[in-house]
**Q** 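Handing you a structure now.
Excluded from the calculations below are hydrogen atoms, water molecules and symmetry mates; all remaining heavy atoms, backbone and side chain alike, are included. FYI, the numbering just counts along the sequence from 1. It should be emphasised that the depicted structure is a prediction, and the values quoted were computed from it without experimental measurement. Counting starts at 1 for both ligands and their atoms, in listed order.
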Amino acid sequence: MSNEQNEMEAASSKKLYQGVCDRFERIASFIDLDSKVHAIMSQPKAELMIHFPVKMDDGNYMLFKGYRIQHNNLLGPYKGGMRFAPEVSLDEVKGLAMLMTLKCALVKLPLGGAKGGIKYNPNDHSPEENQRITRRFTIALGDNIGPSYDIPAPDMGTNAQYMDWIMDTYHNLYGRKIEDKAVVTGKSVACGGSVGRASATGFGAVYCLEEWAGGQGVSLEGARFSIQGFGNVGSHAALKIEALGARLVAVNDHTATLINPDGVSATELASHVAAHRGVKGFQPTREVDDADRFWGLETDFMVLAALENTVTEDNAGLIRAKLIVEGANGPVTTEAEEILTENGVHIIPDILANAGGVIVSYFEWVQNRNSEYWNAETVDAKLREKIISAYHQVKTVSATRGVSMRQAAYIESLKHLEEVYLKRGVWP
Ligand code: GLU
């Protein structure tokens, strides 16, 4: 990787962390957050950084850098994804871990916040190498994770297969007990995962979108939308929105930008992406080189389901959608948000819009601990109820305090954490 690329990635991660801290600081002073709660929340409880060697298929060893940031465990065990991507950095996982604490508190889960990952690209390695990297990372993490202590889950670059490997490694290393299954969530259903976990983040975002549309008197039937990112979050969101009668008119991912006013079939695109790892080549004649056209397209709403910091002060002014749904974590920078607010673009913020993933992770954890298996209808109904209730709580705070949905979400979350800290006290 070039120095320039390295510097750009470092700047982007710093920006995410800075953005989360800035938003936290602003709300902390707005609600006059208790000073000790303020101090505790402003830093993670633990930052683990580990290097571990792994044997490659050619017999050589490569050294990998892994992270686990445990931000807060006041409400319950640390909880959050494992990201395997070349951009993973300390600042990025610190920012994302803090968002997890806020997210779990907002949707009232008995869970804290964490995030981790490995700085590498799984697509550059064989399945055997990825398995050895994952297992060796789990060994290096040791008892810093555990079903009652810190529970990882999938994030960018990981999926059920990686979670199965983590669970199996942990089980053989430590517990060999039935509760070891709950050491990670997002496992395959065969290995104890919950039905509905894979689609949960995307579906949760759509349930929030439906509430927004209902509140605005906007019909989703016939509405036009665009989506950035067609991975686990974006594809499930798009499929569900399509089923509600809206038309996908633009898609952008790391491989290409596709614009088709007549509509792109989310169902067909999902099969294409599964086979080709990106939207490129789906409708070659509809591919455009000019990313500004994607951002500037007139649509009813836009779903951001890719990376952090994709909407910045450089493209925020182009956006003409009425609403942005943040399926990704931190996709809109603080500077971009000011521009969007000025232009009247609504935002359903990340800690609310993408909370569906961790909500169903919580359901998976509960099922594992009780050796229960719920059916798809039960999981979906419980997800829907939980996220819609959080949506309306945020909406009420936003209306009564005259603040944005994001500010209201931060207020709700911090108020909950503050109440628990004040009741429990800080010991000793
Ligand atoms: N990685 C997901 C997130 O950012 C899910 C975390 C989890 O399920 O623990 O919310």
Side-chain angles (χ1 to χ4, degrees), residues 16-17 20 67-73 75-85 88 92-107 109-118 145-160 162-164 166-167 181-188 192-205 208 229 231-234 236-237 304-308 325-331 348-368 379 382-383 386-387 390 409 413:
L16 170 86
Y17 183 54
V20 178
Y67 300 89
R68 187 68 180 170
I69 303 301
Q70 297 167 329
H71 179 262
N72 191 278
N73 63 350
L75 302 176
Y78 297 112
K79 185 84 192 83
M82 285 293 194
R83 180 171 286 201
F84 291 0
V88 166
E92 182 184 56
V93 276
K94 272 171 81 172
L96 294 168
M98 187 165 183
L99 283 178
M100 284 309 300
T101 301
L102 296 170
K103 196 184 299 186
C104 292
L106 174 65
V107 293
L109 298 178
L111 296 169
K115 201 75 159 205
I118 309 176
I145 58 168
S148 301
Y149 185 65
D150 183 353
I151 308 144
D155 198 90
M156 203 186 298
T158 57
N159 56 29
Y162 290 82
M163 299 305 115
D164 292 348
I166 296 178
M167 184 268 283
K181 271 203 180 122
V183 66
V184 281
T185 57
K187 300 177 289 291
S188 66
S194 177
V195 289
R197 174 60 186 84
S199 54
T201 313
F203 284 12
C208 291
N232 190 25
V233 180
H236 285 110
L304 299 178
L307 274 171
E308 57 256 25
V325 184
E326 294 187 339
N329 289 310
I348 305 181
D350 47 9
I351 59 170
L352 173 63
N354 70 36
V358 75
I359 291 173
V360 177
S361 272
Y362 166 64
F363 297 158
E364 180 172 329
W365 184 68
V366 170
Q367 291 172 74
N368 288 163
V379 172
K382 282 175 177 281
L383 161 64
K386 196 136 192 69
I387 205 156
S413 176

**Q** Could you check whether K79 and T185, counting side-chain N and O atoms only, form a donor-acceptor pair closer than 3.5 Å?
**A** yes
**Q** Which residue and non-hydrogen atom of the protein lie closest to atom 8 (O) of ligand 1, and at what distance in Å?
**A**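 Ranked first by proximity to atom 8 (O) of ligand 1 is S361 OG, 2.6 Å.
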**Q** So which heavy atom on S413 is nearest to which on L106, and how close?
**A**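 That closest heavy-atom pairing would be OG-N, 3.9 Å.
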**Q** Return the residue, atom name and 0.1 Å-rounded distance of the protein heavy atom closest to atom 10 (O) of ligand 1.
**A**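 Of every protein heavy atom, K103 NZ, 2.7 Å lies nearest to atom 10 (O) of ligand 1.
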**Q** Is a donor on one side and an acceptor on the other found under 3.5 Å between the side chain of K386 and the backbone of V107?
**A** yes
**Q** Please test V88 against F84 for side-chain contact (heavy atoms from CB on, under 4.5 Å), starting from the C-alpha separation and ending with a verdict.
**A** CA-CA 7 Å; V88 166; F84 291 0; over 6 Å; no
**Q** Is there a donor-acceptor contact under 3.5 Å from the side chain of D350 to the main chain of G330?
**A** yes
**Q** In the protein, what heavy atom is nearest to atom 5 (C) of ligand 1, and what distance, to one decimal place, separates them?
**A** R197 NH2, 3.5 Å
**Q** Between G356, A355, A114, A153, which one has a non-hydrogen atom sitting closest to atom 7 (C) of ligand 1?
**A** A153
**Q** Can you tell which of N368, D164, N159 makes a side chain to side chain donor-acceptor pair (under 3.5 Å) with K187?
**A**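 Looking at N368, D164, N159, the match for K187 under the side chain to side chain donor-acceptor pair (under 3.5 Å) is N368.
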**Q** Would you mind checking which non-hydrogen protein atom is closest to atom 4 (O) of ligand 1, with the distance to 0.1 Å?
**A**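 Checked against all protein heavy atoms, atom 4 (O) of ligand 1 sits closest to K115 NZ, 2.9 Å.
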**Q** Counting distance only, does the side-chain N/O of E364 pair as donor-acceptor with the main-chain N or O of V360 below 3.5 Å?
**A** no
**Q** Go through ligand 1 atom by atom and flag the ones less than 4.0 Å from a non-hydrogen atom of M100.
**A** 3 (C), 4 (O), 6 (C), 10 (O)
**Q** Among protein heavy atoms, which lies nearest atom 9 (O) of ligand 1, and at what distance?
**A** K79 NZ, 2.8 Å
**Q** Starting from atom 1 (N) of ligand 1, find the nearest protein heavy-atom neighbour and note its residue, name and distance.
**A**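 So the nearest neighbour among protein heavy atoms is D155 OD1, 2.8 Å.
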**Q** Return yes or no for this condition: an N or O of P154 is under 3.5 Å from an N or O of ligand 1.
**A** yes
**Q** Give the atoms of ligand 1, by number and element, whose distance to some non-hydrogen atom of G80 is under 4.0 Å.
**A** 9 (O)
**Q** Among side-chain atoms of R83 and T158, is any donor-acceptor pair under 3.5 angstrom?
**A**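 No, T158 and R83 have no side-chain donor paired with an acceptor closer than 3.5 Å.
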**Q** Within ligand 1, which atoms have a heavy atom of G357 less than 4.0 Å away?
**A** 8 (O)
**Q** Any side-chain donor paired with an acceptor under 3.5 Å for K103 and N354?
**A**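 Judged by distance alone, the side chains do pair up.
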**Q** May I ask you to identify, for N329, whether its side chain, its backbone, both or neither come under 4.0 Å of ligand 1 on a heavy-atom basis?
**A** side chain
**Q** Give the contacting part of E364 toward ligand 1: side chain, backbone, both or neither, where contact means a heavy-atom distance below 4.0 Å.
**A**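 E364 to ligand 1: no contact under 4.0 Å from either part.
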